[in-house]
Trainee: 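Take this structure first; my questions come after.
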Amino acid sequence: MASQPEDKRANEIRQAMHEIRCELDDDVSQIKQSASTLTDWQYYIRHYPWTCVGAAAAFGFMIVPRKLKVSNPYTDELLKLARKKRLVINKEDDDDADRAGVVKTAFTFLSGLAMRAAVAQVAQHAASILNQNQNQGSGSQSSASAQADTTDSAATKPFENHLDRRF
């Protein structure tokens, strides 16, 4: 048989363990709440707006590249360096390069537009072929299934209209 002091001591330990578990639950919930607050960027903007503005300005300053320094060496020095290293410098007209850039950009834009239109046309044609095949297959079915096919074809029409509206 267990003596009274041992039972009393065991009950005290159980009670102490129960209190510790309750405190741990509270501590864990507090830690969870503080962690969610620390990771919420809106909390910082609400409570420290000027600090956030300063940090954003500093970040923007660090990200933007500095202006390049352009040095204009003398022509004689450039010619000496070119002769020494046997460099050949061909100067192209900037106007031709600009025109070629504009033409290339226009061609790229128009070819992409044409490709999109072609893909839309092919998709519309494929959808109409599928609808024709479904209608031919449903000719032998009853009138109830024919009505279901008309609702199915009506369901694909918004898809076709969507393709038409895009281009």
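Every value quoted in this text rests on a predicted model; they were computed, and no experiment measured them. The residues of the chain are indexed from 1 along the displayed sequence.
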Trainee: So do Arg14 and Asn11 actually touch side chain to side chain, heavy atoms under 4.5 Å?
Mentor: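 Heavy-atom side-chain distance check passes, below 4.5 Å.
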Trainee: Could you go through the side chain to side chain contact (heavy atoms under 4.5 Å, CB included) check for Asn135 and Gln132 one step at a time?
Mentor: CA-CA 5 Å; Asn135 290 339; Gln132 287 175 357; 5.7 Å; no
Trainee: How many angstroms lie between atom OG1 of Thr108 and atom CG of Leu113, to the nearest 0.5 angstrom?
Mentor: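 CG of Leu113 is found 12.5 Å from OG1 of Thr108.
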Trainee: When rounded to the nearest 0.5 angstrom, what distance separates CD in Gln136 from CD in Gln134?
Mentor: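 Between Gln136 CD and Gln134 CD, I get 11.0 Å after rounding to 0.5 Å.
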Trainee: If you link I, L, V, M, F, W and Y whenever their side-chain heavy atoms are under 4.5 Å apart, who else ends up in the same group as Val28?
Mentor: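 Val28 shares its hydrophobic cluster with no other residue.
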Trainee: Rounded at 0.5 Å granularity, tell me how far CD1 in Ile20 sits from CG in Asp27.
Mentor: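 Ile20 atom CD1 to Asp27 atom CG measures 11.0 Å (nearest 0.5 Å).
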Trainee: Quick one: pull up CZ in Arg46 and SG in Cys52 and give me the separation to the nearest 0.5 Å.
Mentor: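 That separation rounds to 11.0 Å.
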Trainee: Look up atom CG in Leu24 and atom CD1 in Ile31, then write down how far apart they are to the nearest 0.5 Å.
Mentor: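 Going from CG on Leu24 over to CD1 on Ile31, the span is 9.0 Å.
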Trainee: How long is the straight-line distance from CD of Gln15 back to CD of Glu12, given to the nearest 0.5 Å?
Mentor: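 Reported value, rounded in 0.5 Å steps: 9.5 Å.
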Trainee: Got a sec, which hydrophobics cluster with Phe61, joining ILVMFWY side chains under 4.5 Å apart, including via others?
Mentor: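 Met62, all in the cluster of Phe61.
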Trainee: Count I, L, V, M, F, W, Y as connected when their side-chain heavy atoms are under 4.5 Å apart, and connections chain through other members. Are Phe107 and Met115 then in the same cluster?
Mentor: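 Each belongs to a different hydrophobic cluster.
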Trainee: Looking only at non-hydrogen atoms, find the nearest pair between Tyr44 and Thr37 and report the distance.
Mentor: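 Smallest interatomic distance, heavy atoms only, reads CE1-O, 4.3 Å.
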